[in-house]
Protein chains: 2
Amino acid sequence: MATEATADESEAPDAYQELLSNYRRIANVGNASGILSWDQQVMMPEGGTPARAQQLSTLSAVHHDLLVDDEVGDLLDELEGADLDEEQSAVVREVRRKYEREARVPTELVEEISSTSSEALSAWEEAKAEDDFETFEPYLEKLVDLKRQYAEHIDPDADPYEVLFQDYEPYVSLDRAETILEELKETLVPMIEEIRSSETPITTDAFEGTWDAEKQEELSRETLTLLGYDWDRGRLDVSSHPFTSGTQFDARVTTRFDEADPLSSLLSTVHEFGHANYQLGLPDEGYATPLGEARDLSVHESQSRLWENHVGRSEAFWELFLPTVKDHFPDASDVTAREAFESINQVYEDNLIRVEADELTYHLHIVIRFEIERALVSGDLDVSDVPETWNDKYEEYLGVRPETDAEGCLQDIHWSHGNFGYFPTYSLGSVMAAQLYETVEDELGDLDERTRNGDFADLHEWLRENVHQYGKRYETDDLVLEATGEEFTADAFTDYVTEKYGALYDLDSA
Amino acid sequence: MATEATADESEAPDAYQELLSNYRRIANVGNASGILSWDQQVMMPEGGTPARAQQLSTLSAVHHDLLVDDEVGDLLDELEGADLDEEQSAVVREVRRKYEREARVPTELVEEISSTSSEALSAWEEAKAEDDFETFEPYLEKLVDLKRQYAEHIDPDADPYEVLFQDYEPYVSLDRAETILEELKETLVPMIEEIRSSETPITTDAFEGTWDAEKQEELSRETLTLLGYDWDRGRLDVSSHPFTSGTQFDARVTTRFDEADPLSSLLSTVHEFGHANYQLGLPDEGYATPLGEARDLSVHESQSRLWENHVGRSEAFWELFLPTVKDHFPDASDVTAREAFESINQVYEDNLIRVEADELTYHLHIVIRFEIERALVSGDLDVSDVPETWNDKYEEYLGVRPETDAEGCLQDIHWSHGNFGYFPTYSLGSVMAAQLYETVEDELGDLDERTRNGDFADLHEWLRENVHQYGKRYETDDLVLEATGEEFTADAFTDYVTEKYGALYDLDSA
């Protein structure tokens, strides 16, 4: 089913060609901002901040002005009901969606959200450092209010939380997201409880000691090479938070190194590889059009989680990879693949911090944030009650209660940016990864055997054929349906964790 | 005479404030392009080229559209004859100049020049590799013609070469440039001839051998630190051609290393330091306005040449610096400061290549290009006659005749970009450097003694006070007059080289 993701302009109406040309300019301004942000986080000397802030805010204003230009609106009107093929229709759908979202919100509100976020970020940093929620509280309150207004402008008839959620994941309904998150909760809360009381001993400290950062970096480079990273279109650097940035022509990853914990950096590199690999799999000829852009956050996260969890956390991967680790770290010479596998998949007893969570508890961190931010936006929860609600939920779902807000509701940066509705995409990504991986296994047979042999070619080809090459051609639900033949559900994920962790911890329920 | 380079907006007419706000956006788009270009040359993986080309061309189009916007034209009309102070008038003068240059040239012509340059660049690369001028000839012909048309649009009554020259150096008249270049020729042709027949032996090979690139890089970093580079607002990287890029908040330098010639990289680092130091000396509060932007190419080059020639090529500098060199390169332990000084200032016998030239022959390379490109643009010289004219002039002025066009008229990239009028700014920069440095010595006394002690504070302060802080407030001629009390001439340069090379080669004429 290999179709070329070109928007065949020769047979399209003039208005379509003009729209595409407008969009290319808009996309290129956005991509330029991406380079500036990457540079800021990776290369820029500290003193460059004031100028960079002005440059980014200028590009953002230019991006906005180009997008809401009357010409774009007129072209969209003209293309209403035009005779377009599937790809052209997808392009128009995507441009229209962006245009409407951006045109409906008054500039003053956007600016107020932006300036409030800046202040909120400083307040959050201080609040977290001082463990003082009250410092952050008024800003969070204001952001909730502003974001409610924002949602109201975009669609006064919709659930405002759904509107916000769809800023990050436009083509998954809130209903579906909720159903999936509910299922995660129902599966994981008892499973984690059972694991906690399991007496099966597993290795938790295969990589104790100190691991030189420079050697970790070499190892990260070899990992990327092993997985098939295209170095002609990418690079690896260090930044304080790992991230991926770029396009199909130039998708760069960053990582960071913890000398006490080589696994975290390694898995983070594998995770970012998945993101970059998705970008690099988008069709060249669709560059700077919706057909060459990634389908939103859940699909993006499905690609990073697929490589991180289904490849990087598999025992087969450690059979393949451990000799390379030992080349760089002779201290690890006694570690077995099984021990590495167990260590990397251990479920933590007292996990309070999302970004340090294991593959299971992670999703309860997300469920808690989802429930709280939904209630905040709907007005069912007062901002002042967030800390207690947060702590109660941690106790209920995870069996641990934060002793401070710094390691409780102040731990994440997202809300200080006013990003309500972002968190669910992390879990949706994991769930989608499991569904995709299950399908690849159904179609290709044993993937572990290939992993053990370092043969990722078939997996790459499948992902490119069934996911990457389409860009934004399909809506998310349809993309999953096309790729897997099934609706997007948590079933595959549930099967995956039940089998894997049932075996690992010898659980009765498995 | 320390004035603050703020455009005091509170007392300015509304139109002025609006113009400034428009200009800030334009400047920030330009600065964003600067980051993308730096990244392309220093960081970007090779595969990123097609996307980067689109991003840069989009930003260039956005820059153009913002600049020639009717609103800018209307504001400029409104400010005609308005009651403005000196700084405000300078801002309006600079914006008007940019606006008019850009608005007068039809977009189609700009695009034709741009696409012809792309083709010409490929043709030039091939022609140079194959030593085949005819491959390049039709493109050069077309570029000369297009650039004549370009000049005609900007000012039909002016000498077209002057119009082109003023793209790079708007506030030096062509008359003055010609007078200076004539004086260089008159001084240098006989001086070089005399040097060639001098029997005074000077050291030419103080640094023979192989010099590890990594150690050269450490040395470059220490050189930058020694000269006072602000690392909080800068960085050093490697690129195939050394350059400086950035603003007062973030001015980055690059260098390259030749393991057979550590001096070239070192002097190149000192040269780029001068450029970066100028950027960093521009007032913070003038960022993204003409008051915080560098005064064009000659002044920029005066800053790089001042540090390269008057500091880096002085014997005093080598007395200071040689111990550091020896720390990194024990092989150099026997070299004396005098030997280093002589080696670095030797005048080459058979120098055909501009970028490898010494401080004297360099300017005859420029004079030759200046005379040829002027004659090309005026129509007095046919493109097909360029190789022979080139070779004749090399023989006449420098006593050497290129055997191939590859090391003759095809050596430089500039004409393939259509950059006619650029070369003179290199020599004007050296000449201005000498005039500035002479003034600093008159005002502060012996600078060599300070250099010997690594004390550059007074020189930094003088340059900041008299040059950097003004941005584009003064026109170039006035800036030189304000700083030195004299018109811009070649007198100081002539004195400087006569004294220095007279002593070095024991010349009768000195």
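Order of the sequence lines sets the chain letters (A, B, ...), proteins ahead of strands, with each chain counted from 1.
- The two atoms that bring Pro45(B) and Arg233(A) nearest to each other are CG-C, 3.7 Å, heavy atoms only.
- Proximity to chain A is limited to the backbone of Trp231(B), based on heavy atoms less than 4.5 angstrom apart.
- At a threshold of 4.5 Å between non-hydrogen side-chain atoms, the residues Val62(A) and Leu59(B) do not count as touching.
- Note that CG of Asp39(B) is 8.0 Å distant from CE of Met43(A), once rounded to the nearest 0.5 Å.
- Distance check: Phe249(B) CZ to Gln54(A) CD gives 7.5 Å after rounding to the nearest 0.5 Å.
- Between Ile35(A) and Met44(B) there is no side-chain heavy-atom pair separated by less than 4.5 Å.
- You'll find the side chain of Arg25(A) reaches within 4.5 Å of the side chain of Asp65(B), heavy atoms only.
- Taking Ala27(A), Gly30(A), Ala288(A), Ala61(A) one by one and counting their heavy-atom pairs under 4.5 Å with chain B, the maximum is reached by Ala61(A).
- Chain A forms the most heavy-atom pairs under 4.5 Å with one residue out of Pro50(B), Ser33(B), Ala251(B), and that residue is Pro50(B).
- Within the 4.5 Å cutoff, the side chain of Thr58(A) has no heavy atoms near those of the Ile26(B) side chain.
- Atom CD of Glu46(B) sits about 12.0 Å away from atom CG of Asp250(A), to the nearest 0.5 Å.
- The greatest number of non-hydrogen atom pairs below 4.5 Å with chain A, out of Asn31(B), Leu36(B), Leu56(B), is found for Leu36(B).
- When heavy atoms are compared at a cutoff of 4.5 Å, Ala51(B) approaches chain A by way of both its backbone and its side chain.
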